[in-house]
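All remarks here apply to the structure that follows.
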Amino acid sequence: MVDAAPASRTDEAALRAWAEDCSLAALRIHHLLDPAGRADEDAPSLEDRRAGRTEGMTPLVEAELRRQTTILELLAGENPVGLRQAVEISAEGRRVMRAVCSRQARGTV
């Protein structure tokens, strides 16, 4: 995903499209790894959920969407420690994913 980032930071449309792709990829991964989400074939698409239709969202996807929203709010704000807080929230997400993968590897899902 990093290799696909637009070279120019001034091309807002390209940056937005890249960020959307990254966000949806992360949500898809969380959906695939969430035991509660694997069996739900009739669930709304992740794109629908990002558009605000969140009924029936699995806990893992819901938490990731909350983290993404919080990170965007922190980065958009004028708080001088917003970037540090965004990094901490991102690290929390990585810890959650490692724990999920570990549980699945042990067969304790």
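Predicted, not measured: the structure shown is a model, and the values here were computed from it.
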Following the transitive rule for hydrophobic clusters with a side-chain heavy-atom cut-off under 4.5 Å over Ile, Leu, Val, Met, Phe, Trp and Tyr, establish whether L72 and L74 coincide in one cluster. no

Please round to the nearest 0.5 Å and tell me the distance separating atom CD of E88 and atom OG1 of T70. 13.0 Å

Check ion pair E92-R95 (N to O, under 4.0 angstrom): no

Hey, could you give me the CD1/CG distance between I29 and L24, rounded to the nearest 0.5 Å? 11.0 Å

Counting N and O atoms only, with roles assigned by atom type, does the side chain of Q104 sit under 3.5 Å from a partner on the main chain of L33, one being a donor and the other an acceptor? yes

Counting only N and O atoms by type, is there a donor-acceptor contact under 3.5 Å from the side chain of W18 to the main-chain atoms of A13? no

Side chains of E64 and L60 in contact at under 4.5 Å (non-hydrogen atoms): no

Distance alone, cut at 3.5 Å: any donor-acceptor contact between the side chains of R94 and S90? yes

Side chains of R28 and V61: does their closest heavy-atom pair fall under 4.5 Å? no

Could you pull out all residues at least two apart from R66 that satisfy side chain to side chain contact (heavy atoms under 4.5 Å, CB included)? E62, A63

At what distance, to the nearest 0.5 angstrom, does OG1 of T58 lie from CG of L65? 10.5 Å

Correct closest heavy-atom pair for G93 and R67 would be CA-NE, 3.3 Å

Taking the side chain from H31 and the backbone from L27, do they hold a donor-acceptor pair closer than 3.5 Å? no

In this structure, CG of L75 is separated from CD of Q85 (nearest 0.5 Å) by 10.0 Å

Expected output: side-chain S23 to main-chain A19 donor-acceptor under 3.5 Å: no

